[in-house]
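None of these values were measured; they are calculated from a predicted model. Proteins come first, then strands; the chains are lettered A, B, ... in the order of their sequence lines, and each starts at number 1.
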Number of protein chains: 2
Amino acid sequence: MDESLPQGTTTAPQKGTVTQRAIDQIKAMIGEGRLEPGARLPTERDLATQLGISRSSMREAIRALTVLGVLEARHGSGIYVTQLEAGDLLETFGVVADLSRGPRLVELLEVRRILESTATALAAARISADQLAEVEKHLTAMNATDDPEEILSHDLAFHRAIVASAGNDTMAAILEGLSSRTFRARVWRGYQEEGAFERTRREHAAIHRALVAHDPEAARAAAASHVGEVEQWLRTQLQP
Amino acid sequence: MDESLPQGTTTAPQKGTVTQRAIDQIKAMIGEGRLEPGARLPTERDLATQLGISRSSMREAIRALTVLGVLEARHGSGIYVTQLEAGDLLETFGVVADLSRGPRLVELLEVRRILESTATALAAARISADQLAEVEKHLTAMNATDDPEEILSHDLAFHRAIVASAGNDTMAAILEGLSSRTFRARVWRGYQEEGAFERTRREHAAIHRALVAHDPEAARAAAASHVGEVEQWLRTQLQP
DNA sequence: CCACTCAGGTGGTCGGACCACTACGCATCG
DNA sequence: CGATGCGTAGTGGTCCGACCACCTGAGTGG
């Protein structure tokens with residue numbers, strides 16, 4: 001069947017590195033509810049003792065879970081479990097966008113097109129007056145300046161406000177990663193040099209109209225077309 | 001002449017922890033193309049010396065990038081950059097599914113419904129004979145057993161084969177995380193106790209028919225309905 | 001009653017030591 | 001001559017102990 005290895009403590013699969021085991025164990029503690037969101041963990045030294053490993057290895061495990069958005073270390077205070085909200089856990093999604101290039105950029109944009117068109121459709125049905133005002137604020141601000149940096153900033157906020165109105169925080173967090181600053185800046189650099197300003201402006205206006213009219217289908221089409229334009233442009237860039 | 005500037009050009013901005021800086025620098029090296037996918041990094045000791053930090057801190061940085069799927073450490077050999085493919089970077093996506101609970105599970109299922117319905121529609125248009133055979137293999141195997149464990153396994157493979165036929169690796173990797181074993185096992189436990197076997201079988205058959213007919217719209221509807229069923233069930237479970 | 005001080009505890013960093021494993025060249029054997 | 005085996009150098013993995021930087025809260029003084 002299996003082994004003849006005596007287990008020192010309760011559960012020790014004895015697989016992989018010591019650090020990896022520590023990562024899994026802490027993750028399991030949270031998954032099983034033994035550690036609530038926001039809870040404070042024992043000290044690094046205590047944790048290391050409990051799991052029978054050195055503090056160095058335990059620190060590596062904690063660092064790993066920190067970059068994953070699961071834990072949060074506060075210098076001088078302690079280690080805490082994050083709220084485990086979508087934003088916390090999906091922050092690493094931005095890394096994917098930053099490190100992707102070539103064909104994968106197109107794939108990412110395709111995913112964004114699918115999700116954002118649906119999110120925009122949902123927003124058209126659910127958006128409130130206040131949320132719509134927020135959207136309009138960034139729309140007008142975007143059209144009132146020529147600074148590319150500022151345009152990009154308001155463009156991001158424009159879409160972010162719309163997606164937030166869709167009411168699905170997880171989807172919003174994913175799209176946030178897919179629209180991260182460095183990601184868009186890379187694509188926009190060349191895209192806007194082809195006189196895409198005016199087209200972008202029209203597309204944004206179309207999206208806005210659909211939101212005002214609370215027309216999900218029109219919103220979906222407008223958003224899909226908007227992202228699709230960039231997607232198609234990028235596709236041609238890869239086939240010189 | 002270096003400090004008091006918002007951002008340095010070459011040297012470190014002296015922000016955050018030393019380890020975090022190391023993480024960013026390595027990430028930047030890869031992003032700027034100074035480290036190609038599959039390339040071998042200098043040794044931990046050399047890297048630590050280059051960045052002027054201790055080996056312990058460097059190890060934490062490496063470990064962090066390892067769990068993110070950016071680096072891969074081979075004991076006794078060296079540290080290498082992964083191929084940076086969708087699967088490598090999106091493996092951490094499974095953590096989100098594993099640690100999510102309550103309302104966020106519904107949100108995740110909603111995202112999956114949107115993506116998988118589109119992926120299934122794409123698959124209907126593009127699927128080849130070989131790929132279709134693979135899908136059918138798992139479909140029949142799923143209907144030929146009563147072992148819940150085996151059913152779940154073939155169910156996963158069934159959808160995986162379909163999504164793979166859509167031709168978007170990034171989307172496939174995301175859906176893989178959203179359909180991870182532990183995630184589905186948690187949901188299915190209760191779902192299948194309500195006689196959902198037969199319904200699931202019919203829904204799978206409908207998806208298969210649409211694939212055979214190369215009918216994207218039917219495939220989209222069938223897939224959306226399939227995931228939506230589970231989604232709705234889960235929604236009711238949260239409102240007792 | 002409030003503000004300040006300061007000591008203890010915590011995460012952050014460092015350097016060194018040793019172990020486990022891999023890779024590669026060299027000597028050996030067929 | 002080629003294939004095999006072995007040994008060694010180099011790599012990541014682990015551990016230890018020390019010190020630093022920072023936060024917290026109890027105690028002190030006004």
Side-chain angles (χ1 to χ4, degrees), chain A residues 3 5 7-9 12-27 29-30 35 37-82 88, chain B residues 3 11-27 29-30 35 37-83 88:
Chain A
E3 37 34 324
L5 296 174
Q7 318 284 0
T9 51
Q14 191 73 313
K15 63 183 176 184
T17 68
V18 178
T19 303
Q20 189 58 47
R21 231 182 309 165
I23 294 176
D24 294 337
Q25 294 198 33
I26 296 179
K27 219 161 52 178
M29 285 191 225
I30 299 175
L35 283 175
R40 183 180 182 280
L41 276 70
T43 71
E44 293 178 345
R45 295 164 173 87
D46 290 346
L47 271 176
T49 302
Q50 286 181 26
L51 300 188
I53 66 179
S54 71
R55 193 189 162 202
S56 312
S57 302
M58 178 54 71
R59 274 191 59 78
E60 287 185 24
I62 293 170
R63 172 72 63 176
L65 291 171
T66 296
V67 301
L68 287 179
V70 176
L71 297 183
E72 177 191 357
R74 302 180 200 160
H75 193 170
S77 176
I79 307 166
Y80 302 80
V81 182
T82 67
D88 299 324
Chain B
E3 70 270 316
T11 56
Q14 191 73 314
K15 65 181 175 185
T17 68
V18 179
T19 303
Q20 187 59 46
R21 233 182 310 166
I23 294 176
D24 293 337
Q25 293 197 32
I26 296 179
K27 218 160 55 180
M29 283 191 227
I30 299 174
L35 284 176
R40 183 179 182 281
L41 276 69
T43 70
E44 294 178 344
R45 296 167 174 85
D46 289 347
L47 270 176
T49 302
Q50 286 181 26
L51 300 187
I53 65 178
S54 71
R55 193 191 162 202
S56 312
S57 301
M58 179 53 72
R59 273 191 59 78
E60 288 185 23
I62 293 170
R63 173 72 64 177
L65 291 171
T66 296
V67 301
L68 287 180
V70 176
L71 298 182
E72 177 191 359
R74 302 180 201 160
H75 191 170
S77 175
I79 307 166
Y80 302 82
V81 183
T82 67
Q83 291 306 120
D88 300 323

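- When atom types are taken as modelled, the side chain of A:R21 and the backbone of A:L51 share no donor-acceptor pair closer than 3.5 angstrom.
- Taking the side chain as every heavy atom from C-beta outward, B:I30 and B:L71 approach each other to under 4.5 Å.
- The distance between atom CG of A:L47 and atom C1' of C:dG11, rounded to the nearest whole Å, is 12 Å.
- The side-chain heavy atoms of B:T17 and A:R63, taken from C-beta on, include a pair separated by under 4.5 Å.
- Taking every heavy atom of both residues into account, B:A22 and B:M58 meet most closely at CB-CE, 4.4 Å.
- Of the possible polar contacts, one joining the B:T82 side chain to the B:V70 backbone as a donor-acceptor pair under 3.5 Å is found.
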**OP:** Report, as a single string ordered 5' to 3', how protein heavy atoms within less than 4.0 Å touch nucleotides 10-18 of chain D: B base, S sugar-phosphate only, - not at all.
**Re:** BBBBBBB-B
